[in-house]
Chemist: 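Please read through the structure below; I'll follow up with questions.
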Amino acid sequence: MIRVGILGATGYAARELMKILVRHPEADIRVLTSRQDGNPHVATVHPQLTGLLDIHLENLDADVVASQVEFIFSCLPHGVSAAVIPKFLQVGKRVIDFGADYRLDNADVYQQWYGEKHVDPERLGDAVYGLPELYRDTIKDAQLVANPGCYPTSAILALSPLLRADTIKTDTIIVDSKSGVSGAGRTAKLMTHFPECNESVVAYNVGYHRHTPEIEQVLSDAAGKQVKVIFTPHLVPMDRGILTTSYSDLQQNMSEEQLLQQVREFYGEESFVRVVDHLPATKDTTHTNFCDVTVRLVRNRVITVSCLDNLGKGAAGAAVQNFNLMHGFPEATAL
Ligand SMILES: NC(=O)c1ccc[n+]([C@@H]2O[C@H](COP(=O)([O-])OP(=O)(O)OC[C@H]3O[C@@H](n4cnc5c(N)ncnc54)[C@H](OP(=O)(O)O)[C@@H]3O)[C@@H](O)[C@H]2O)c1
């Protein structure tokens with residue numbers, strides 16, 4: 001059994017992670033951390049875990065946590081994660097970070113999009129981007145895995161096969177995404193307050209959403225040359241789920257069937273990417289680790305449609321998939 005600690009355990013991503021790990025035969029949750037006073041029982045913070053996990057939350061003291069566990073899942077916000085993760089790496093622990101701190105290779109790009117200096121810039125580039133469908137072999141031996149963002153996962157899984165095969169142009173891609181409200185976390189914010197977001201759909205952070213450079217970095221790696229995207233996220237009044245529609249231009253004429261076949265062949269026997277003929281809906285992937293993808297050709301433009309659960313394949317499911325890979329367990333264990 002791998003003794004596991006979860007930092008930022010009061011949030012949505014951590015709750016989803018715990019719900020998966022309690023049924024994992026090789027994971028033993030030993031430590032949960034929060035800034036809350038009074039060491040609350042996990043079931044008072046997350047009633048869904050009543051009877052499933054008997055443990056109290058504690059304040060984060062890296063030395064104390066490190067002495068009790070072998071593996072860390074950090075579900076802390078960006079900036080906070082990078083301030084604490086090095087303490088675990090220095091004493092040989094392996095870590096999966098749910099946040100954005102280690103996803104980008106370049107500290108200047110981080111500062112440009114996140115508006116603050118990176119607190120651990122030397123480690124950028126050493127962390128492995130935790131998308132098994134693209135980086136499986138390097139994830140296996142990684143000490144630090146940067147779990148991908150939820151929007152990026154949906155866009156990257158849809159577009160990578162077409163960019164790898166040089167099927168679409170790299171400078172005219174539009175990524176249009178819709179997310180359920182849990183994507184913004186459990187911490188209260190005005191935009192996600194019920195009367196603000198219920199019965200309403202809104203675009204936000206147009207032109208400057210922080211997932212843009214992450215999508216571009218990974219798609220550029222897939223294409224072997226620089227990819228630029230226009231990424232527009234929208235908040236929709238549902239609890240969870242992301243639907244991403246992308247638009248791009250063909251390099252040379254192909255049929256819709258050929259495009260679908262290209263994506264299907266790319267994913268082959270992958271357990272968690274389903275290349276479907278129908279137009280997928282968020283409900284098809286809710287509470288799963290699947291990402292469903294399809295392709296259409298309209299007026300010679302390529303349209304991909306992909307969906308996933310932001311807390312599943314977009315966060316906790318992907319983290320457990322990476323955890324399994326890092327320990328040599330069957331990749332779908334507990335998923
Ligand atoms: N929600 C998603 O769909 C999703 C998807 C992919 C990735 N992620 C990433 O996963 C991480 C967690 O997201 P979430 O949605 O679970 O957020 P959340 O629900 O807001 O939870 C954030 C957690 O971090 C702790 N925290 C907040 N500010 C802190 C600070 N300044 N210092 C120390 N602890 C702090 C909170 O604990 P206390 O207040 O109890 O201390 C809470 O447990 C983030 O990095 C997020 O970007 C989220």
Side-chain angles (χ1 to χ4, degrees), residues 5-20 31-42 44-46 48-49 56-62 65 72-85 87 95-104 110 113-114 116 119 127 129-131 145-156 177-189 191-192 205 209-211 214-215 233 235-236 238-244 282 285-287 289 291 307-322:
I6 302 174
L7 318 181
T10 57
Y12 284 152
R15 181 180 71 190
E16 202 64 21
L17 176 64
M18 287 181 254
K19 284 165 65 182
I20 299 172
V31 179
L32 303 176
T33 77
S34 159
R35 293 167 302 173
Q36 287 190 16
D37 295 330
N39 300 98
H41 191 274
V42 66
T44 59
V45 175
H46 298 299
Q48 293 178 5
L49 288 160
H56 288 260
L57 276 63
E58 58 191 77
N59 294 151
L60 173 53
D61 177 324
V65 176
I72 295 288
F73 290 97
S74 177
C75 302
L76 296 168
H78 71 268
V80 183
S81 258
V84 67
I85 282 175
K87 296 177 187 165
V95 178
I96 293 177
D97 181 24
F98 277 55
D101 283 345
Y102 294 101
R103 293 180 196 152
L104 298 174
Y110 180 91
W113 288 85
Y114 286 83
E116 55 205 58
V119 297
Y129 192 76
L131 196 60
V145 167
N147 221 44
C150 44
Y151 283 129
T153 299
S154 65
I156 292 163
S177 292
K178 284 101 186 159
S179 174
V181 184
S182 63
R186 199 179 193 186
T187 310
K189 298 170 195 88
M191 189 181 168
T192 55
N205 293 358
H209 192 282
R210 290 159 167 176
H211 284 168
E214 182 182 336
I215 296 170
L235 189 70
V236 299
M238 58 187 190
D239 290 347
R240 50 204 286 165
I242 285 179
L243 185 89
T244 289
T282 54
T285 52
T286 309
H287 295 283
N289 194 46
C291 176
C307 66
L308 51 76
D309 185 333
N310 53 292
L311 293 171
K313 182 64 172 161
V320 173
Q321 199 180 343
N322 287 322

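One-based numbering, in listed order, for ligands and for the atoms of each.
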Chemist: Answer whether the closest heavy-atom distance between the side chains of Leu243 and Met238 falls below 4.5 Å.
Modeler: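 They are not in side-chain contact.
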Chemist: Could you tell me, atom by atom, which parts of ligand 1 come under 4.0 Å of a heavy atom of Gly314?
Modeler: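 Listed by number with element, the hits are 5 (C), 6 (C).
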Chemist: Counting non-hydrogen protein atoms only, what is the nearest one to atom 18 (P) of ligand 1? Give residue, atom name and distance.
Modeler: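 The answer is Arg186 N, 3.5 Å.
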Chemist: Starting from atom 12 (C) of ligand 1, which protein heavy atom do you reach first, and at what distance in Å?
Modeler: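 Going atom by atom, the protein heavy atom closest to atom 12 (C) of ligand 1 ends up being Cys75 O, 3.1 Å.
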Chemist: Just jot down the ligand 1 atoms closer than 4.0 angstrom to any heavy atom of Ala315, in number order.
Modeler: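 Every atom of ligand 1 under 4.0 Å from some heavy atom of Ala315: 5 (C), 6 (C).
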Chemist: Between the main-chain N or O of Asp97 and the side-chain N or O of Asn147, is there a donor-acceptor pair closer than 3.5 Å?
Modeler: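 Between the backbone of Asp97 and the side chain of Asn147 there is no qualifying donor-acceptor contact (under 3.5 Å).
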Chemist: Which bit of Ala9 gets closer than 4.0 Å to ligand 1, counting heavy atoms only: side chain, backbone, both or neither?
Modeler: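 Looking at Ala9 and ligand 1, just backbone atoms fall under 4.0 Å.
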Chemist: Counting non-hydrogen protein atoms only, what is the nearest one to atom 45 (O) of ligand 1? Give residue, atom name and distance.
Modeler: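 Answer, as residue, atom name and distance: Leu76 O, 2.8 Å.
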Chemist: Which residue and non-hydrogen atom of the protein lie closest to atom 16 (O) of ligand 1, and at what distance in Å?
Modeler: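 Answer for atom 16 (O) of ligand 1: Ala13 N, 2.8 Å.
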Chemist: Thr33 pairs by side chain to side chain contact (heavy atoms under 4.5 Å, CB included) with which of Asn59, Val65, Leu57, Val84?
Modeler: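 Looking at Asn59, Val65, Leu57, Val84, the match for Thr33 under the side chain to side chain contact (heavy atoms under 4.5 Å, CB included) is Val65.
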Chemist: Does an N or O from Tyr12, backbone or side chain, lie closer than 3.5 Å to an N or O of ligand 1?
Modeler: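 Yes; the residue has a nitrogen or oxygen that sits under 3.5 Å from a nitrogen or oxygen of the ligand.
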Chemist: Tell me, do Trp113 and His209 make a side-chain contact under 4.5 Å, heavy atoms counted?
Modeler: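 Contact flag for Trp113/His209 side chains = no.
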Chemist: Which residue is it: Leu104, Val145, Ile156? I am looking for the one with a side chain to side chain contact (heavy atoms under 4.5 Å, CB included) to Tyr129.
Modeler: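 The passing option is Ile156.
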Chemist: What protein heavy atom is closest to atom 30 (C) of ligand 1, reported as residue, atom name and distance in Å?
Modeler: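 Sorting protein heavy atoms by distance from atom 30 (C) of ligand 1 puts Arg35 NH1, 3.2 Å first.
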Chemist: Shortest non-hydrogen contact from Gly8 to Ala14?
Modeler: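 Minimum heavy-atom contact is O-CB, 3.4 Å.
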Chemist: Could you tell me whether the side chain of Asp101 and the main chain of His78 form a donor-acceptor pair under 3.5 Å?
Modeler: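 Not at all, since once roles are kept as given, no pair shorter than 3.5 Å links the two residues.
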Chemist: Distance under 4.0 Å to a non-hydrogen atom of Leu311: what atoms of ligand 1 satisfy this?
Modeler: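 Taking each heavy atom of Leu311 in turn, ligand 1 has 1 (N), 2 (C), 3 (O) under 4.0 Å.
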Chemist: As an exercise, identify every atom of ligand 1 less than 4.0 angstrom from a heavy atom of Gly99.
Modeler: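 Atoms satisfying the 4.0 Å criterion: 45 (O).
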Chemist: Where the side chain of Arg103 meets the backbone of Phe98, is there a donor-acceptor pair that is under 3.5 Å apart?
Modeler: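 A pair under 3.5 Å: yes.
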Chemist: Would you indicate which of Ser34, Ala316, Ser179, Gly79 comes nearest to atom 40 (O) of ligand 1 when only heavy atoms are counted?
Modeler: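 It is Ser34 that holds the nearest heavy atom.
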Chemist: For Lys313 and Thr285: C-alpha separation, side-chain torsions, deciding distance, then whether side chain to side chain contact (heavy atoms under 4.5 Å, CB included) applies.
Modeler: CA-CA 9 Å; Lys313 182 64 172 161; Thr285 52; over 6 Å; no
Chemist: Report the part of Ala100 in contact with ligand 1, treating N, CA, C, O as backbone and CB onward as side chain, heavy atoms under 4.0 Å; options are side chain, backbone, both, neither.
Modeler: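 Near ligand 1, Ala100 shows nothing, with every heavy atom at 4.0 Å or more.
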Chemist: Would you check if there is a donor-acceptor pair between the side chains of Tyr151 and Glu214 at a distance under 3.5 Å?
Modeler: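 There is no such pair (donor and acceptor under 3.5 Å, judged by atom type) between the side chains of Glu214 and Tyr151.
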Chemist: Give me the nearest non-hydrogen protein atom to atom 15 (O) of ligand 1 as residue plus atom name, then the distance to 0.1 Å.
Modeler: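 Closest protein heavy atom to atom 15 (O) of ligand 1: Gly185 CA, 3.1 Å.
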Chemist: Among all protein non-hydrogen atoms, which one is nearest to atom 20 (O) of ligand 1, and what is the separation to 0.1 Å?
Modeler: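 Nearest protein contact, heavy atoms only, for atom 20 (O) of ligand 1 is Thr187 OG1, 2.7 Å.
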Chemist: What is the closest protein heavy atom to atom 38 (P) of ligand 1, and at what distance does it sit?
Modeler: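 Going atom by atom, the protein heavy atom closest to atom 38 (P) of ligand 1 ends up being Thr10 OG1, 3.4 Å.
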Chemist: Checking side chain to side chain contact (heavy atoms under 4.5 Å, CB included) for the pair Ile72/Ile85: CA distance, chi angles, key distance, verdict?
Modeler: CA-CA 9 Å; Ile72 295 288; Ile85 282 175; 5.6 Å; no
Chemist: Can you check which of Ser74, Pro77, Gly11 brings a heavy atom nearest to atom 24 (O) of ligand 1?
Modeler: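 Considering heavy atoms of Ser74, Pro77, Gly11, the nearest to atom 24 (O) of ligand 1 sits in Pro77.
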